[in-house]
Amino acid sequence: MKKLIIGSLVAGVLLFGWQSLSWTALHIHDDAYLYTPAEKTLIDVLSTQLPTDGQYMVPRSKPDASPEEMEKMGAEMKGKPWAVITYHTAYKNDMASPILRGFLIALFCAAIVCLIVQKLAVKSFGNIFATVMSFGLISFFFVWYNQHNWFETPWSVLTGELIDILASWGLAGVWLGWWYSRGVKS
(Lines give C-alpha, C1' and ligand atoms only; values in the text may rest on other atoms or scores of the structure.)
Protein backbone atom coordinates (compact mmCIF):
# COMPACT_ATOMS: atom_id res chain seq x y z
CA MET A 1 0.00 0.00 0.00
CA LYS A 2 2.92 2.34 0.77
CA LYS A 3 4.30 1.90 -2.77
CA LEU A 4 0.89 2.71 -4.24
CA ILE A 5 0.34 5.83 -2.13
CA ILE A 6 3.82 7.30 -2.52
CA GLY A 7 4.07 6.28 -6.18
CA SER A 8 0.68 7.84 -6.97
CA LEU A 9 1.32 11.01 -4.99
CA VAL A 10 4.71 11.75 -6.55
CA ALA A 11 3.54 10.80 -10.06
CA GLY A 12 0.42 12.96 -9.58
CA VAL A 13 2.57 15.92 -8.53
CA LEU A 14 4.82 15.39 -11.58
CA LEU A 15 1.83 15.20 -13.96
CA PHE A 16 0.15 18.25 -12.46
CA GLY A 17 3.42 20.16 -12.04
CA TRP A 18 4.36 19.74 -15.69
CA GLN A 19 0.88 20.79 -16.79
CA SER A 20 1.10 23.90 -14.62
CA LEU A 21 4.53 24.86 -15.95
CA SER A 22 3.47 24.14 -19.51
CA TRP A 23 0.57 26.57 -19.37
CA THR A 24 2.08 29.29 -17.19
CA ALA A 25 5.88 29.59 -17.31
CA LEU A 26 6.77 27.72 -20.49
CA HIS A 27 3.90 29.08 -22.66
CA ILE A 28 3.75 25.88 -24.70
CA HIS A 29 0.08 26.47 -25.50
CA ASP A 30 0.30 30.12 -26.59
CA ASP A 31 -0.27 29.25 -30.26
CA ALA A 32 -3.26 27.03 -29.50
CA TYR A 33 -5.75 29.87 -29.05
CA LEU A 34 -5.58 32.64 -31.61
CA TYR A 35 -6.37 36.30 -31.02
CA THR A 36 -8.76 38.34 -33.12
CA PRO A 37 -9.24 42.11 -32.84
CA ALA A 38 -12.94 41.45 -33.53
CA GLU A 39 -13.38 39.69 -30.16
CA LYS A 40 -15.83 42.24 -28.73
CA THR A 41 -18.02 42.07 -31.84
CA LEU A 42 -17.93 38.28 -31.84
CA ILE A 43 -18.78 38.03 -28.12
CA ASP A 44 -21.62 40.54 -28.55
CA VAL A 45 -23.08 38.49 -31.41
CA LEU A 46 -22.58 35.15 -29.62
CA SER A 47 -24.16 36.42 -26.40
CA THR A 48 -27.32 37.42 -28.27
CA GLN A 49 -27.50 34.22 -30.34
CA LEU A 50 -26.39 31.38 -28.06
CA PRO A 51 -28.89 30.54 -25.32
CA THR A 52 -26.73 28.63 -22.83
CA ASP A 53 -23.26 27.43 -21.94
CA GLY A 54 -22.22 24.66 -24.26
CA GLN A 55 -20.32 23.61 -27.33
CA TYR A 56 -21.88 24.52 -30.65
CA MET A 57 -21.09 23.40 -34.17
CA VAL A 58 -21.98 26.05 -36.71
CA PRO A 59 -23.60 25.28 -39.07
CA ARG A 60 -25.26 22.09 -37.88
CA SER A 61 -28.48 20.38 -38.85
CA LYS A 62 -31.38 20.41 -36.41
CA PRO A 63 -31.35 17.52 -33.92
CA ASP A 64 -34.48 16.02 -35.47
CA ALA A 65 -33.28 16.35 -39.09
CA SER A 66 -33.83 13.38 -41.36
CA PRO A 67 -30.87 11.61 -42.98
CA GLU A 68 -31.85 13.27 -46.27
CA GLU A 69 -31.83 16.75 -44.68
CA MET A 70 -28.45 16.06 -43.09
CA GLU A 71 -27.03 14.88 -46.40
CA LYS A 72 -28.39 17.96 -48.18
CA MET A 73 -26.87 20.25 -45.56
CA GLY A 74 -23.52 18.47 -45.86
CA ALA A 75 -23.53 19.05 -49.61
CA GLU A 76 -24.45 22.74 -49.13
CA MET A 77 -21.66 23.23 -46.55
CA LYS A 78 -18.94 21.88 -48.82
CA GLY A 79 -16.17 24.47 -49.15
CA LYS A 80 -17.84 26.94 -46.76
CA PRO A 81 -16.65 28.15 -43.36
CA TRP A 82 -17.65 26.33 -40.18
CA ALA A 83 -16.77 26.55 -36.50
CA VAL A 84 -16.84 24.68 -33.24
CA ILE A 85 -17.56 27.16 -30.46
CA THR A 86 -17.26 26.56 -26.75
CA TYR A 87 -19.42 29.26 -25.23
CA HIS A 88 -19.90 30.41 -21.64
CA THR A 89 -22.43 32.99 -20.53
CA ALA A 90 -20.20 34.32 -17.74
CA TYR A 91 -16.45 34.35 -17.08
CA LYS A 92 -15.43 33.03 -13.68
CA ASN A 93 -12.10 34.27 -12.37
CA ASP A 94 -11.80 31.38 -9.92
CA MET A 95 -8.61 29.41 -10.33
CA ALA A 96 -8.77 27.57 -6.98
CA SER A 97 -11.42 25.06 -8.09
CA PRO A 98 -9.79 24.16 -11.43
CA ILE A 99 -6.37 23.87 -9.77
CA LEU A 100 -7.72 21.53 -7.10
CA ARG A 101 -9.67 19.46 -9.64
CA GLY A 102 -6.66 19.38 -11.98
CA PHE A 103 -4.47 17.99 -9.22
CA LEU A 104 -7.08 15.42 -8.21
CA ILE A 105 -7.42 14.30 -11.85
CA ALA A 106 -3.63 13.91 -12.11
CA LEU A 107 -3.56 12.00 -8.82
CA PHE A 108 -6.40 9.71 -9.92
CA CYS A 109 -4.71 8.98 -13.28
CA ALA A 110 -1.39 8.31 -11.51
CA ALA A 111 -3.12 5.93 -9.08
CA ILE A 112 -4.69 3.97 -11.95
CA VAL A 113 -1.29 3.64 -13.64
CA CYS A 114 0.32 2.58 -10.34
CA LEU A 115 -2.31 -0.11 -9.84
CA ILE A 116 -1.47 -1.52 -13.27
CA VAL A 117 2.29 -1.20 -12.79
CA GLN A 118 1.98 -3.20 -9.56
CA LYS A 119 0.44 -6.06 -11.59
CA LEU A 120 3.30 -6.23 -14.12
CA ALA A 121 5.05 -9.57 -14.15
CA VAL A 122 8.43 -7.95 -14.87
CA LYS A 123 9.06 -4.80 -12.88
CA SER A 124 12.11 -3.54 -14.75
CA PHE A 125 12.66 0.18 -15.24
CA GLY A 126 12.16 -0.12 -19.01
CA ASN A 127 9.00 -2.19 -18.73
CA ILE A 128 7.46 0.24 -16.24
CA PHE A 129 8.51 3.31 -18.23
CA ALA A 130 7.01 1.85 -21.43
CA THR A 131 3.76 1.00 -19.63
CA VAL A 132 3.43 4.51 -18.20
CA MET A 133 4.22 6.17 -21.55
CA SER A 134 1.61 3.95 -23.20
CA PHE A 135 -1.08 5.55 -21.07
CA GLY A 136 -0.02 9.01 -22.14
CA LEU A 137 0.13 8.10 -25.81
CA ILE A 138 -3.21 6.31 -25.71
CA SER A 139 -4.80 9.40 -24.17
CA PHE A 140 -3.24 11.64 -26.83
CA PHE A 141 -4.39 9.53 -29.74
CA PHE A 142 -7.85 8.73 -28.40
CA VAL A 143 -8.67 12.26 -27.24
CA TRP A 144 -6.58 14.83 -29.06
CA TYR A 145 -5.86 13.10 -32.34
CA ASN A 146 -9.50 12.05 -32.58
CA GLN A 147 -10.42 15.72 -32.19
CA HIS A 148 -8.10 16.46 -35.11
CA ASN A 149 -9.57 13.59 -37.10
CA TRP A 150 -13.24 14.50 -36.63
CA PHE A 151 -13.22 18.26 -36.00
CA GLU A 152 -9.95 19.29 -37.66
CA THR A 153 -8.54 20.62 -34.39
CA PRO A 154 -5.41 22.43 -35.58
CA TRP A 155 -1.91 21.11 -35.04
CA SER A 156 -1.16 24.29 -33.11
CA VAL A 157 -3.40 22.80 -30.39
CA LEU A 158 -2.20 19.21 -30.77
CA THR A 159 1.49 20.11 -30.64
CA GLY A 160 1.25 21.56 -27.13
CA GLU A 161 -0.84 18.62 -25.97
CA LEU A 162 1.65 16.12 -27.41
CA ILE A 163 4.56 17.91 -25.72
CA ASP A 164 2.60 17.81 -22.45
CA ILE A 165 1.87 14.10 -22.84
CA LEU A 166 5.46 13.18 -23.60
CA ALA A 167 6.95 15.37 -20.88
CA SER A 168 4.48 14.73 -18.04
CA TRP A 169 4.07 11.00 -18.59
CA GLY A 170 7.80 10.75 -19.32
CA LEU A 171 8.58 12.30 -15.92
CA ALA A 172 6.02 10.06 -14.25
CA GLY A 173 7.47 7.06 -16.11
CA VAL A 174 11.02 7.82 -14.94
CA TRP A 175 9.80 8.21 -11.35
CA LEU A 176 7.61 5.11 -11.35
CA GLY A 177 10.26 3.09 -13.21
CA TRP A 178 12.74 3.90 -10.47
CA TRP A 179 10.22 3.60 -7.61
CA TYR A 180 8.81 0.22 -8.57
CA SER A 181 12.01 -1.39 -9.93
CA ARG A 182 14.37 -0.50 -7.08
CA GLY A 183 15.35 -3.50 -5.08
CA VAL A 184 13.71 -5.89 -7.58
CA LYS A 185 16.02 -8.70 -8.65
CA SER A 186 16.05 -9.10 -12.43
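We're numbering straight along the sequence, starting at 1. When reading the values below, keep in mind they use all heavy atoms of this one structure, side chains included, and skip hydrogens, waters and symmetry mates.
The main-chain N or O of W179 is found under 3.5 Å from a side-chain atom of K3 such that the two form a donor-acceptor pair. At least one donor-acceptor pair closer than 3.5 Å links the side chain of N146 to the backbone N or O of F142. Checked by atom type and distance alone, the side chain of S47 pairs as donor or acceptor with a backbone atom of D44 at under 3.5 Å.
With a 4.5 Å cut-off on side-chain heavy atoms, S8 and C114 count as touching. Side-chain atoms of H27 and D30, non-hydrogen and from C-beta on, do get closer than 4.5 Å to each other. With a 4.5 Å cut-off on side-chain heavy atoms, S168 and L14 do not count as touching. Inter-residue side-chain proximity for W178 and W175 is flagged as met; some heavy-atom pair is nearer than 4.5 Å. Side-chain contact between W169 and C109 is present, with at least one heavy-atom pair separated by less than 4.5 Å. Two residues are said to be in side-chain contact when any heavy atoms from C-beta on lie closer than 4.5 Å; L15 and F103 fail this criterion. For the pair W144 and H148, the minimum side-chain heavy-atom distance is 4.5 Å or more.
Within 6.0 Å of CG in D31 there are 12 or fewer heavy atoms belonging to other residues, nucleotides or ligands. E71 CD: 12 or fewer foreign heavy atoms inside a 6.0 Å radius.
I85 and V157 are not part of a single hydrophobic cluster, where members link through side-chain heavy atoms under 4.5 Å apart. Hydrophobic cluster membership is shared by M57 and W150, with clusters built from Ile, Leu, Val, Met, Phe, Trp and Tyr side chains linked at under 4.5 angstrom. Grouping the Ile, Leu, Val, Met, Phe, Trp and Tyr side chains by contacts below 4.5 angstrom, directly or via other members, places L137 with L120.
Considering every non-hydrogen atom in both I28 and G160, the closest pair reads CG2-CA, 3.6 Å. Across all non-hydrogen atoms, the minimal contact from F135 to V113 is CG-CG2, 3.7 Å.
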Under the side chain to side chain contact (heavy atoms under 4.5 Å, CB included) criterion, do V58 and W82 qualify, and how do the steps go? CA-CA 6 Å; V58 182; W82 63 283; over 6 Å; no

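Note that NE2 of H88 is 11.0 Å distant from OG1 of T52, once rounded to the nearest 0.5 Å.
Side chains of Y87 and Q55: a donor-acceptor N/O pair is absent below 3.5 angstrom, by distance only.
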